[in-house]
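Below is one structure; the comments refer to it alone.
So you know, we letter chains A, B, ... as the sequences are listed, proteins then strands, and number each from 1.
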Amino acid sequence: MADYNSMELMICVASRFLENGATVVVGTGAPCAAAMLAQKMHAPNLMAFFEAGAFAPILPTMPISVGDSRTFHKALMASGMLETMEACQKGMVDYCFLGGAQIDMYGNLNSSMIGIDYEHPKVRFPGSGGANDLASLTWRTMVITPQDSRRFVEKVDFITSPGYLTGKGAREKAGLPKGSGPYKVVTNIGVLGYDEETCRMRIESVHPGYSVEDIKKNTGFELLLAKKITETAKPTEEELRVLREQVDPYKYIIGRG
Amino acid sequence: MADYNSMELMICVASRFLENGATVVVGTGAPCAAAMLAQKMHAPNLMAFFEAGAFAPILPTMPISVGDSRTFHKALMASGMLETMEACQKGMVDYCFLGGAQIDMYGNLNSSMIGIDYEHPKVRFPGSGGANDLASLTWRTMVITPQDSRRFVEKVDFITSPGYLTGKGAREKAGLPKGSGPYKVVTNIGVLGYDEETCRMRIESVHPGYSVEDIKKNTGFELLLAKKITETAKPTEEELRVLREQVDPYKYIIGRG
Amino acid sequence: MQELKSGTRELMQFYDCDEMRDYFRKKDKSLRSKLTTVSDAVKNLISDGEYIAVGGFGGVRIPTAVLHEIVRQRKKNLGLSGHTATHDFQILVAGECINRCDIAYIIGLEARGLSSNARKAVETGKVKVVEWTNAALAWRYKAAAMGVPFLPARNMMGTDVFRYSAAKEIECPFTGKKLVAYPALHPDVGIIHVHRSDIYGNCQIDGIQIADYEMARAAKKLIITTEQIVPTESIRNDPTRTIIPYYLVDAVIEVPFGSYPGNMPYMYYSDEEHLKEWLEAEKDPQRFKEFLDKNIYNVKDFYEYVEINGGLKKLHKLMQIEKLTKEGR
Amino acid sequence: MQELKSGTRELMQFYDCDEMRDYFRKKDKSLRSKLTTVSDAVKNLISDGEYIAVGGFGGVRIPTAVLHEIVRQRKKNLGLSGHTATHDFQILVAGECINRCDIAYIIGLEARGLSSNARKAVETGKVKVVEWTNAALAWRYKAAAMGVPFLPARNMMGTDVFRYSAAKEIECPFTGKKLVAYPALHPDVGIIHVHRSDIYGNCQIDGIQIADYEMARAAKKLIITTEQIVPTESIRNDPTRTIIPYYLVDAVIEVPFGSYPGNMPYMYYSDEEHLKEWLEAEKDPQRFKEFLDKNIYNVKDFYEYVEINGGLKKLHKLMQIEKLTKEGR
């Protein structure tokens with residue numbers, strides 16, 4: 001039985017959601033590792049974009065910046081940021097991966113500030129970057145994040161990237177493209193998805209060694225339950241081998257797990 | 001004294017309006033020859049664009065199409081049509097050269113159709129191409145055309161490219177950029193400009209061998225007179241030499257004069 | 001604020017941006033070979049009644065082989081985006097393939113004169129038209145390429161081109177200025193001839209790209225003919241030059257000298273003799289019929305068309321003219 | 001139709017499109033040498049209070065020499081377009097040169113962590129901010145580059161980013177859809193580092209251009225630093241690669257390794273050691289002051305800055321890392 005750390009687990013689990021033939025805008029870190037792992041395992045035809053303008057590179061090593069030269073190493077196209085953003089706006093891109101300091105039950109993400117007074121934030125974060133764009137314009141937003149109740153909050157202090165906003169139909173009513181929105185949240189404890197009727201977050205699978213209670217305990221709002229909650233399949237030996245030997249041999253990402 | 005034909009005369013006269021350091025979108029034929037002549041005479045720093053995307057070429061010979069390979073021979077940039085059009089829209093381009101089947105006293109040009117029923121034109125012409133764009137977006141529209149009263153009409157059947165529309169202030173009221181509009185009309189008989197108060201066409205100079213009466217006789221509307229009407233300076237020997245030897249050695253254009 | 005006007009015509013071609021999102025979501029984006037034949041590409045990707053757009057500039061970098069095949073397969077009731085459509089328009093009208101056209105520039109062949117046959121088709125109403133300009137159609141492609149339903153601009157207002165268009169005036173939310181709004185134009189099929197493509201459809205174009213950058217990103221289906229197929233490795237070695245990425249492309253066909261009788265920048269100049277012959281032939285219906293039989297209907301493929309018009313010797317001359325080692329025209 | 005909202009902030013930087021037309025009309029477009037020095041370019045082209053934009057991507061292809069010189073000349077009250085501004089933002093905040101910023105991404109250095117000094121400047125209000133996104137700022141450049149006062153898009157709506165922006169909602173005249181409208185952004189001064197330029201400012205960039213195509217066309221004044229000056233002939237031999245044409249450019253300075261400590265694609269990788277040292281130094285005010293004295297204030301020019309951080313030996317290592325012949329980080 002393979003042993004693994006929580007970063008390795010999250011990357012393996014996330015990678016399985018990326019099907020062959022899909023398109024994904026990835027960032028640095030875990031999302032990039034997940035996309036690379038998917039390409040090497042079950043999705044050789046997963047096409048990866050980077051928001052600064054790189055299309056379908058052959059990644060030689062982990063990029064530090066979503067605009068650095070690694071992101072367009074042996075790419076099929078090195079273009080500009082709006083090439084990526086407009087491909088997303090046209091509906092060409094299936095997935096994006098985002099993170100944030102806070103997430104709420106509708107998948108709204110905050111990467112801008114902590115505090116209630118915009119002029120006087122308690123803590124200021126970098127802001128949207130391309131996160132709002134990707135959450136608005138790709139079809140499905142994925143999140144990879146450690147789970148705790150300070151991060152999974154009833155109400156985010158600031159909506160940087162739109163989830164389902166206030167619930168079903170709210171995105172469309174706000175003007176965002178029809179049919180787009182949050183998809184999965186992969187944490188160190190389990191996998192969360194969204195209830196189709198209410199657009200609220202729900203527990204879909206629990207990682208080996210954890211319970212539904214563990215997930216609830218680490219969440220600051222009431223979670224719904226999927227009809228059938230499964231146990232997450234462990235990383236396979238093959239997944240771990242490829243991840244460790246080919247995707248992240250220098251442990252830039254999995255070393256943090 | 002140099003001898004010349006009317007095409008040579010028109011090209012020489014038109015070229016003198018293009019000052020050094022100016023920018024101009026040229027078409028094929030006489031405008032292209034005028035721009036090349038200006039560059040070789042008094043305006044080495046006249047920058048020529050073509051509407052299909054060529055910037056500052058070194059023209060080896062006359063292009064047949066405003067998009068053919070001659071237009072970007074040794075160019076500084078080979079881009080796209082919108083690069084040119086947006087440069088115009090931003091106010092980067094001083095001059096354009098247009099023609100048409102009809103022109104009226106406000107410099108409105110028709111290159112679309114003869115007839116009064118749009119669905120059933122008596123004669124159909126190619127249409128705007130880029131003409132409307134250039135007349136709308138560059139600062140000053142120049143016209144090189146033979147003059148007769150079938151072409152210089154009271155009312156054009158169809159406004160393809162905007163002159164001053166219905167008179168002073170009409171362009172701005174219609175939404176076109178402030179301060180732009182028709183500038184000079186160089187014909188085989190004389191040079192026409194526009195009265196600042198009324199924006200109506202006026203006689204500014206008369207070519208050698210012709211009279212103000214000749215211009216009026218060949219115009220289907222009442223022309224105003226500039227305060228001082230001059231006789232057009234003849235093409236100089238140097239102008240003719242450069243035009244014939246360097247600009248159009250195969251007489252593609254000046255052979256038509 | 002003054003009254004905001006609208007053009008008086010109906011839009012010939014318009015897809016809602018959410019409808020297009022659904023379409024592009026489903027489009028196969030896997031890296032698979034798109035190699036096919038001209039005949040199969042036309043048969044499988046262009047249906048009667050669809051709206052097409054042709055790359056290049058009328059007589060420059062045009063996909064002649066595909067245009068001829070459309071005529072040969074007797075496609076009917078096509079719509080066309082007439083963005084400086086010259087020889088391309090002439091071919092499609094000769095084959096009676098189109099019945100409607102968003103026009104900027106049609107009928108003419110620039111400095112070469114006018115096509116009497118194309119003119120007659122428009123004058124008699126066989127081809128229905130709506131007015132635009134070169135920039136307007138390019139901006140319509142650009143809106144589509146960006147995934148927005150319209151773009152604002154500052155031309156066309158106050159003229160009859162606007163009046164007989166399907167554009168609308170809007171008020172700028174920041175300045176209060178009057179602007180013209182151009183609706184996105186997504187052709188059903190785009191057809192572009194390029195210098196180089198790999199088997200997947202990653203394309204490079206040398207020299208001006210006219211409006212092909214935008215059109216390639218606007219079209220629902222995209223057919224590429226290319227002077228040569230290059231290894232994907234050469235694309236990956238210089239991805240900065242990729243103008244059309246593979247996931248937009250549905251068909252790739254290697255057609256050397258594929259822009260003939262049009263100009264292919266840096267490679268060969270236009271065949272002015274043949275274009276003149278075509279214009280002349282149009283003047284007499286019987287002669288034009290024979291001309292079309294000889295050059296298109298009774299011709300098997302593009303090789304044969306080139307062959308009967310001078311073959312390698314003619315091509316060599318056009319290469320010399322392009323490279324300025326021989327005098328043209 | 002539902003109510004159309006507006007962001008609650010004021011626009012930091014906006015020029016009317018007719019005002020910009022007058023400006024661009026008067027801009028000298030003659031083909032003259034723009035060669036100058038970093039120090040003169042900053043002295044003559046950047047005034048206190050102006051609004052600047054920095055090309056590249058924060059730590060990739062950045063014009064470091066100009067940024068340091070802005071600090072050295074103690075420019076004040078500059079505005080900044082914070083389009084993924086990372087190390088560039090860090091430098092300008094360290095010099096206390098900026099007092100306002102249109103932000104998409106600031107404070108952070110992506111995977112490297114956050115700048116405590118930059119964060120403090122924003123948290124304390126020393127740098128006033130208005131919210132946007134990367135795409136929004138790029139579209140604002142694009143609107144300016146096109147010569148229109150705004151562009152429509154489909155992001156940002158429904159979020160607090162919109163709420164604390166100066167964007168507006170509009171209704172599409174063709175579909176009735178709600179869209180966000182982004183006002184044109186014309187920086188007073190754009191600063192871009194490129195791979196190659198001639199003395200006039202015709203520039204080529206290898207690899208992704210981020211938003212520099214648009215920004216170069218939006219800026220009122222444009223400063224170019226370049227890895228190398230090339231003969232104009234080489235530009236004319238491949239005009240397809242020209243990304244920035246000369247008439248947009250006001251100053252050209254040859255600065256080899258000019259993106260150091262940032263990454264220059266295909267040439268050298270970022271100096272992660274130095275960037276880490278910088279982040280570390282920020283943690284203690286006294287130490288940070290010494291760090292800045294050492295690296296900027298007491299340094300004559302960019303050569304010296306490179307020299308004290310390892311000189312040729314360091315540069316060689318970064319070239320090896322970029323070319324994957326040596327392990328980085």
Item to check | Neighbour count >12 (heavy atoms, 6.0 Å) for atom CZ, R163(D) | outcome: no
Closest non-hydrogen atom pair between [X] and [Y], with its separation:
X       : Y       : value
L324(D) : P60(A)  : CD1-CB, 3.7 Å
V161(D) : S128(A) : CG2-CB, 4.5 Å
N263(D) : S69(A)  : OD1-N, 2.8 Å
V60(D)  : G67(A)  : CG1-O, 3.5 Å
M85(A)  : A135(D) : CG-CB, 3.6 Å
G158(D) : A174(A) : CA-CB, 3.8 Å

Side chain, backbone, both or neither: which part of [X] has an atom under 4.5 Å from a heavy atom of chain A?
X       : value
E214(D) : side chain
W139(D) : both
V129(D) : both
I103(D) : side chain
L114(D) : side chain
E131(D) : both

Item to check | Side chain proximity check, I64(A) to E110(D), heavy atoms < 4.5 angstrom | outcome: no
Let me confirm one number: the [atom1]-[atom2] distance from [X] to [Y], rounded to the nearest 0.5 Å.
X       : Y       : atom1 : atom2 : result
M81(A)  : T84(D)  : CE    : OG1   : 5.0 Å
S79(A)  : Y213(D) : OG    : OH    : 11.0 Å
F125(A) : I106(D) : CZ    : CD1   : 12.5 Å
T138(A) : N155(D) : OG1   : CG    : 11.5 Å
I159(A) : Y164(D) : CD1   : OH    : 11.0 Å
E322(D) : R70(A)  : CD    : CZ    : 5.5 Å

Chain D contact via [X] - which portion, at a heavy-atom distance below 4.5 Å:
X       : answer
P177(A) : both
S112(A) : side chain
L137(A) : side chain
V66(A)  : both
E51(A)  : side chain

Item to check | Side-chain donor/acceptor of K177(D) to backbone N/O of G175(A), under 3.5 Å | outcome: no
Next on the checklist: Is it the case that the side chain of Q89(A) and the backbone of R154(D) share a donor-acceptor pair, with hydrogens and angles ignored and the cut-off at 3.5 Å?
Outcome noted: yes
Next on the checklist: Can you see whether Y118(A) engages D160(D) through a side-chain donor-acceptor pair at a distance of less than 3.5 angstrom?
Outcome noted: no
Item to check | T159(D) side chain to N132(A) side chain, donor-acceptor N/O pair below 3.5 angstrom | outcome: yes
In terms of heavy-atom pairs under 4.5 Å with chain D, which of [options] leads?
options                            : result
G80(A), S136(A), P126(A), A78(A)   : P126(A)
L165(A), L134(A), L176(A), V156(A) : L176(A)
D133(A), T84(A), T28(A), N108(A)   : D133(A)

Best-contacting candidate, [options], against chain A by heavy atom pairs under 4.5 angstrom:
options                   : answer
M264(D), R112(D), K128(D) : R112(D)
S270(D), G207(D), S115(D) : G207(D)
T86(D), I107(D), I210(D)  : I210(D)

Item to check | Candidate pair F57(D) and D68(A), rule side chain to side chain contact (heavy atoms under 4.5 Å, CB included), full reasoning | outcome: CA-CA 8 Å; F57(D) 199 71; D68(A) 81 23; over 6 Å; no
Checklist entry - Does anything in residues 116-124 of chain D get under 4.5 Å of chain A by heavy atoms, and if so which residues? => result R119(D), V122(D), E123(D)
Checklist entry - Can we say K142(D) and E86(A) salt-bridge, meaning some charged N sits less than 4.0 Å from an Asp/Glu carboxylate O? => result yes
Next on the checklist: Test of understanding: with side chain to side chain donor-acceptor pair (under 3.5 Å), list the residues that count as partners of R100(D), not counting sequence neighbours.
Outcome noted: none
